[in-house]
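Only a predicted model underlies this, so the values are computations on that prediction, with no experimental measurement involved. Letters go in sequence order (proteins before strands), and every chain restarts at 1. Any value given below was found using the heavy atoms of this structure, including those in side chains, with hydrogens, waters and symmetry copies removed.
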Amino acid sequence: MSIALSEQEILRRESLQQLRNLGINPYPAEAFDVTAWAKDITENFEANPDTYKHVTLAGRIMTRRIMGSASFAELQDSTGRIQIYLKRDDICPDEDKTLYNTVFKKLLDIGDYIGIKGYVFLTQTGEISVHVQQLFVLSKSLKPLPVVKRDEDGNIHDGFTDPEQRYRQRYVDLTVNPDFKQIFINRSKVISSMRDYFNSEGWMEVETPILQPVHGGAAARPFATHHNTLDMPLFLRIANELYLKRLIVAGFDGVYEFGKMFRNEGMDRTHNPEFTSVEIYVAYKDYIWMMEMVEKCLEHVTRAIHGIPVVQYGANEINFAGPYVKLSMYDSILKYTGIDVSEMDEAGLRETCADLGIETNESMGKGKLIDEIFGAKVEANLIQPTYITDYPIEMTPLAKKHRSKEGLVERFELFVNGKEIANAYSELNDPIDQRERFEDQLLLAGRGDDEAMAMDDDFLRALEYGMPPTSGLGIGIDRLVMMMTNQSTIQEVLFFPQMRPEKKSKIATLDDFVNIGVPPEWVPVLNKMGFNTVEELKAANPNKVFNDLGGMRKKMKLNIDMPVKEVVMTWFE
RNA sequence: GAUUCCGUAGCUCAGCUGGUAGAGCAUAACACUUUUAAUGUUGGGGUCCUGGGUUCGAAUCCCAGCGGGAUCACCA
């Protein structure tokens, strides 16, 4: 990337100045009242032509086809594109044809925002178009947009496809690839339909701290920060579970929160350092009730987006209408490996892992070993929504002990397409049991498990005051959106996925060069020659720079005075 | 973190065993009053990601770095 402006950027800046010289403000302050939209016109004009005799639209110019004193262009607004037709003598009824000949044909470019007033008609080739009677400049675009062409069959030519540029410059991506907007519209629908469902059940949306003194509720490495006034460390939350349970202690029957969680871990196509989850806690319920709730909720969400409870994901058609298959953790391992691990001790599990070719290490306890077997042998088989229930107690320090099965907890995870989508418990509300579980976690931490959960004394104090029996659920929104929109990478469902910083070249200001004696009009020339800082210039050979200046002056046809050689030499002192 | 591929004009991409950097679109000029991937003619536009090395000569070969993609590992 060149530091200096490209030819096209320079031309657009010149056009901007010429608009101003003509008395046209390229960035007007006034509101522009739009009365019609591209999608509505293309869908409804032919049925109701009379309602489109006076329309006002606004948007970006995306293509232009100029033919003398008549032109076609495509205007893109938030709903889509529509062709507009401009005729010189219609937008310039008087002698002065500047608006058409100069403003439209010369000074406007692809990407500029314009407003138009006119009427809708059908061209000879049958395309619904707007015949422009008045044209307004709303905002001048100084950087050329990538031009993506589509032929009659909808094939895309010269697409803007580089993922790096698409993610870094999402504004460009969604402008020239508007199809991707639908993913984000659907993302919004996932959240709003879920919120509607929860609200209709009478549960309350709440907000809990993102800056937490103790990072609890999950096992993950946090982002650490510092509060200056309090002079104390704080962590960006890795989960909000323990705060939401405090609110159940406080006497709310149902609370939920949509929000960002932050985990200082690896990034890949299913992990972003910040991600969105929803957690919900409902008093006097258990995990069996929660399974039914999840089925209803996800069916509601899927219908809100697709109209039916079925969604196509890759090669699989996934049906979110309940009830879902339920398999206990042990039964699922039995089903897919033929091995019954339910009675095994740690040594037996370690041996089984070895037989199955699963690597283990000393820090792994019983629960972790079972999870390894499950992850390696079962997970990928769970395509249709499936509940895996009744996890070993060692893996789950915040869930209540199973009502009838020793060594297990009342927990389920929902798997879809081989991926975990939701996680739920009958929440542990026995404060003494909870304290022991935290202590077990500390032991695991002592064995080297750096993800073991930290003790949270205030949370324990809350439980000691008494929490009603409660069921809780967490859903990863990003992965659910991926599922609902048939995307295989998390970046595609995040507007602004985390990226490494762009390399930024150091650029000296104009003044820096002027201060060493360079005439201001020559600074852009030096930049063009590759000298972006004074240091770079001083490192060069003065004689060569002097000669090259002359060469550049000729090449760029610059009508500015050549500095004498003695002056140039002083730049290097 | 490992492996691998990629980085050339505003965008999409060519560029052979190393020898003066190319195309399409975009852009500029001219023509054109119903085009639609508009058309025709003519022109301009490049830090070949960065830095080293080999060589008479590097976009090309070698090394290192930066950025990105894919696969794997890690991951409640």
Tell me whether [X] is salt-bridged to [Y], with the criterion being a basic N under 4.0 Å from an acidic carboxylate O.
{"X": "A:Glu346", "Y": "A:Lys366", "result": "no"}
{"X": "A:Asp109", "Y": "A:Lys140", "result": "yes"}
{"X": "A:Glu95", "Y": "A:Lys97", "result": "no"}
{"X": "A:Arg437", "Y": "A:Asp433", "result": "yes"}
{"X": "A:Lys401", "Y": "A:Glu410", "result": "no"}

With sugar-phosphate meaning primed atoms plus P, OP1 and OP2, does [X] contact a base, only sugar-phosphate, or nothing at under 4.0 Å between heavy atoms?
{"X": "A:Pro397", "value": "base"}
{"X": "A:Glu420", "value": "sugar-phosphate"}
{"X": "A:Tyr100", "value": "nothing"}
{"X": "A:Gly217", "value": "base"}
{"X": "A:Gly159", "value": "sugar-phosphate"}
{"X": "A:Phe275", "value": "nothing"}

[atom1] spacing across the pair [N] / [M], given as an integer number of angstrom:
{"N": "B:A37", "M": "B:C74", "atom1": "C1'", "result": "46 Å"}
{"N": "B:A26", "M": "B:U39", "atom1": "P", "result": "8 Å"}
{"N": "B:U47", "M": "B:C66", "atom1": "C1'", "result": "15 Å"}
{"N": "B:U41", "M": "B:A58", "atom1": "C1'", "result": "38 Å"}
{"N": "B:G19", "M": "B:G10", "atom1": "C1'", "result": "30 Å"}
{"N": "B:C13", "M": "B:G51", "atom1": "C1'", "result": "27 Å"}
{"N": "B:C49", "M": "B:C6", "atom1": "P", "result": "13 Å"}
{"N": "B:G67", "M": "B:U50", "atom1": "P", "result": "15 Å"}

For this session: Under the side-chain hydrogen bond (donor to acceptor under 3.5 Å, both in side chains) rule, what do A:Gln83 and A:Arg65 come out as? Steps first, then yes or no, please.
Result: CA-CA 10 Å; A:Gln83 176 166 273; A:Arg65 295 181 281 280; 2.7 Å; yes
Length of the [atom1]-[atom2] vector between [X] and [N], whole Å:
{"X": "A:Ile84", "N": "B:U35", "atom1": "CD1", "atom2": "P", "result": "17 Å"}
{"X": "A:Asn177", "N": "B:U12", "atom1": "CG", "atom2": "C1'", "result": "12 Å"}
{"X": "A:Arg269", "N": "B:C74", "atom1": "CZ", "atom2": "P", "result": "14 Å"}
{"X": "A:Glu74", "N": "B:A38", "atom1": "CD", "atom2": "P", "result": "8 Å"}
{"X": "A:Gln165", "N": "B:C49", "atom1": "CD", "atom2": "C1'", "result": "13 Å"}
{"X": "A:Glu9", "N": "B:A9", "atom1": "CD", "atom2": "C1'", "result": "12 Å"}
{"X": "A:Leu5", "N": "B:G46", "atom1": "CG", "atom2": "C1'", "result": "15 Å"}
{"X": "A:Asp371", "N": "B:C74", "atom1": "CG", "atom2": "P", "result": "11 Å"}

Any side-chain N or O of [X] under 4.0 Å from OP1/OP2 of [N]?
{"X": "A:Gln83", "N": "B:U35", "value": "no"}
{"X": "A:Arg168", "N": "B:G68", "value": "yes"}
{"X": "A:Gln491", "N": "B:G69", "value": "yes"}

Nearest-nucleotide pick for [X], side chain only, options being [options]:
{"X": "A:Arg65", "options": "B:G69, B:U35, B:U12", "result": "B:U35"}
{"X": "A:Phe160", "options": "B:C72, B:U12, B:U34", "result": "B:U12"}
{"X": "A:Thr489", "options": "B:A76, B:A70, B:U35", "result": "B:A70"}

Pairing partner (Watson-Crick or G-U wobble, both distances under 3.5 angstrom) of [N]:
{"N": "B:A70", "answer": "B:U3"}
{"N": "B:A37", "answer": "none"}
{"N": "B:C11", "answer": "B:G24"}

Problem set entry | Geometric class of the A:Phe412/A:Tyr387 ring pair [parallel <30°, tilted 30-60°, perpendicular >60°] | perpendicular
For this session: Evaluate the ring planes of A:Phe72 and A:Tyr85, with Trp represented by its six-membered ring, and classify them as parallel (under 30°), tilted (30 to 60°) or perpendicular (over 60°).
Result: tilted
For this session: Flag this pair as yes if the NZ/CZ of A:Arg64 is under 6.0 angstrom from the six-membered ring centre of A:Phe104 and inside a 45 degree cone about the axis; otherwise no.
Result: yes
Problem set entry | Polar side chain donor-acceptor pair, A:Gln17 to A:Asn21, under 3.5 angstrom | yes
Exercise. So, does the side chain of A:Asp268 form a donor-acceptor pair with the base of B:C74 at under 3.5 Å?
Worked result: yes
Exercise. Starting at the 5' end of RNA chain B, which residue's closest nucleotide do you reach first, A:Arg479 or A:Gln498?
Worked result: A:Gln498
For this session: Summarise how protein sits on nucleotides 23-33 of chain B as a single string, 5' to 3': B when a protein heavy atom is under 4.0 Å from the base, S for sugar-phosphate-only contact, - for no contact.
Result: -BSBSSSS-BB
